[in-house]
Student: 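First the structure, which I've put down as structure tokens, then a few questions once you've had a look.
Just so you know, ligand 1 is whichever comes first in the structure, and atom 1 is the first atom listed for that ligand. What you see is a predicted model, and the numbers here were worked out from it, not measured in a lab.
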Amino acid sequence: MVMRLSRSNFSQKEIDAVTRILEIGYTPMGPEVHQFEKDIAAYIGGGVEVACVNTGTAALHLACQAIGLGPGDEVLVPSLTYVASFQAISATGAKPIACDIDPATALLDLKDAKARITEQTKAIMHVHYASYPGDLDELYHFANTHQLRVVEDAAHSFGCLYDGKMIGSFGDVICFSFDGIKNITSGEGGAVVSRDEKVMQLVKDARLLGIQNDTEKRVKGERSWTFNVTHQGWRYHMSEIMAAIGRVQLQRFQAGELSDLRAELVQLYREQLTGVPGLTLFDHPLKEGDKVIPHIFPVRITNGRRDEFRDFLASKDIQCGFHYYPSHHLDLYKTDYALPGVELVESEIVTLPLHTLLSRDDVMQVCQFTKEFLG
Ligand SMILES: *Cc1c(COP(=O)(O)O)cnc(C)c1O
């Protein structure tokens, strides 16, 4: 059997939850979505508001729109991210400005970002690559100094702690993804989280075609027959079916069922692979109060044999991944400058299997083959 790179983990509880919604017979956004938002807000804490949408990409798009981005604006964003980050920015008409990363951490290099600031720069999109937020104090200091709004692409870091605080419970506007393989899933889905009431009202309206206060009416079981629209909106709301899945996943995640193993398997990988010649782990030192629940486990193959290594694991029925093909190489976002940190990592990176249906023995097997190939 092929060892998969990533997988959803569903139990009878998710199946029962979906059945319950189908039996009720009402699937658009209603009380279940509202309850999922309350569950997430309670889990994250910090008095945040939560708006659930149908993908993480939609969450990022609405966040960018709600902070006022539009044509003529520029947004700093690391090139090493899923193209969703770039698409969410360009969907508003703003221009994503591809920035370099620190190859040791794969996170945004603020020195490079600083050099790309212009009169048009309005925001910075910070990507929590592989669930590591990096130094958020430094990031927010940078943003304040340059008067930039911050959108955190926290698609990888649901449930992670920074300095004792849950990701999303502080900061400007934070976006999560609940697609099939993320830390929790609602089938597809995502959420915008913020304490900025103005931003959240814009997001809530914009996910329902810009219909003012439609969210509030749906919560009360009312319909919007007459209404006003003042902003461009989209059809981005979450369905009751998705919310029902998401609520069960959140409960299982909080119970440790979908979270503890991720951290444990990455710790095992790190123990086994530290010091293996030709392989470099990303440097993600944890401080007191930090907790990471890793979504993916990328490593660098530094002896020039990455492609051979990937083929070798494939021949052993082990799936690997590539996170990510840099966005500044895509025709739509091509830059006339190089990004050496991204390009170095691009040539070396490979993602090893990580999900909650993997066992410690599976990880040991991947490590054995890795050592056999590199040793
Ligand atoms: C998954 C992901 C997204 C988008 O989320 P979807 O729910 O798939 O739309 C955005 N950014 C990053 C870094 C992601 O991994």
Student: Determine the interplanar angle of the His61 and Trp234 rings, folded into 0 to 90°, and report it as parallel if under 30°, tilted if 30 to 60°, perpendicular if over 60°.
Tutor: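 It falls in the tilted class, 30° to 60°.
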Student: Please list, in number order, the atoms of ligand 1 under 4.0 Å from a heavy atom of Gly56.
Tutor: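 Per the distance check, 5 (O), 6 (P), 7 (O), 9 (O).
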Student: Only heavy atoms of Asp179, strictly under 4.0 Å: list the atoms of ligand 1 that pass.
Tutor: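 Checking each atom against Asp179, I get 1 (C), 6 (P), 7 (O), 8 (O).
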Student: Should the pair His295 and His323 be assigned to parallel (<30°), tilted (30 to 60°) or perpendicular (>60°) ring geometry?
Tutor: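 Aromatic pair His295/His323 classed perpendicular.
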Student: Pair Gln201, Asn213 - check side-chain contact (heavy atoms from CB on, under 4.5 Å), show working.
Tutor: CA-CA 8 Å; Gln201 193 58 50; Asn213 302 317; 3.4 Å; yes
Student: Give a yes-or-no answer on whether the side chains of Tyr162 and Asp135 include a donor-acceptor pair shorter than 3.5 Å.
Tutor: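 Yes, side-chain donor-acceptor contact under 3.5 Å.
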Student: Examine the side chains of Gln232 and Gln65 and answer whether a donor and an acceptor come within less than 3.5 Å of each other.
Tutor: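 Looking only at side-chain atoms, Gln65 and Gln232 do not form any donor-acceptor pair under 3.5 Å.
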Student: Tell me which protein heavy atom sits closest to atom 14 (C) of ligand 1, plus the residue, atom name and distance to 0.1 Å.
Tutor: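 Of the protein heavy atoms, Lys182 NZ, 3.3 Å lies nearest.
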Student: Which label fits Phe309 and Phe373: parallel for a plane angle under 30°, tilted from 30 to 60°, or perpendicular past 60°?
Tutor: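 Rings of Phe309 and Phe373: tilted, as their planes differ by 30° to 60°.
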Student: Tell me which one of His61, His323, His156 gets a heavy atom nearest to atom 15 (O) of ligand 1.
Tutor: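 The residue whose heavy atom sits nearest atom 15 (O) of ligand 1 is His156.
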Student: In the protein, which heavy atom is nearest to atom 9 (O) of ligand 1, and how far is it?
Tutor: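 For this ligand atom, the closest protein heavy atom is Thr57 OG1, 2.6 Å.
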Student: In the protein, which heavy atom is nearest to atom 5 (O) of ligand 1, and how far is it?
Tutor: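 Checked against all protein heavy atoms, atom 5 (O) of ligand 1 sits closest to Ser177 OG, 3.2 Å.
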Student: More than 12 heavy atoms of other residues, nucleotides or ligands under 6.0 Å from NZ of Lys291: is that the case?
Tutor: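 Atom NZ in Lys291 is not packed in, count stays at 12 or less.
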Student: As an exercise, identify every atom of ligand 1 less than 4.0 angstrom from a heavy atom of Gly189.
Tutor: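 Numbered from 1, ligand 1 contributes 7 (O).
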Student: Using a plain distance cutoff, I'd like to know if His295 has any nitrogen or oxygen under 3.5 Å from a nitrogen or oxygen of ligand 1.
Tutor: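 So ligand 1 has no N or O lying under 3.5 Å from an N or O of His295.
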Student: For the side chain of Ser131 and the backbone of His156, is there at least one donor-acceptor N/O pair under 3.5 Å apart?
Tutor: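 Confirmed, Ser131 side chain pairs with His156 backbone.
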Student: Geometry only, no angles: is Glu188 polar-contacting ligand 1 at N/O separations under 3.5 Å?
Tutor: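 Between Glu188 and ligand 1, no N or O pair is found under 3.5 Å apart.
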Student: Nearest non-hydrogen atom to atom 13 (C) of ligand 1 belongs to which of Asn54, Asp153, Leu80?
Tutor: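 The nearest heavy atom belongs to Asp153.
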Student: With heavy-atom distances below 4.0 Å as the criterion, list the atoms of ligand 1 near Tyr324.
Tutor: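 Every atom of ligand 1 under 4.0 Å from some heavy atom of Tyr324: 13 (C), 15 (O).
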Student: Under 3.5 Å between any N/O of Tyr82 and any N/O of ligand 1: does that happen in this structure?
Tutor: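 Between Tyr82 and ligand 1, no N or O pair is found under 3.5 Å apart.
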Student: Where's the contact between Thr81 and ligand 1, heavy-atom distance under 4.0 Å: side chain, backbone, both or neither?
Tutor: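 The part of Thr81 near ligand 1 is the side chain, not the backbone.
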Student: Does Asp179 reach the main-chain N or O of Thr185 with its side chain, forming a donor-acceptor pair under 3.5 Å?
Tutor: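 No; judged by distance alone, with no hydrogens or angles, the pair does not exist.
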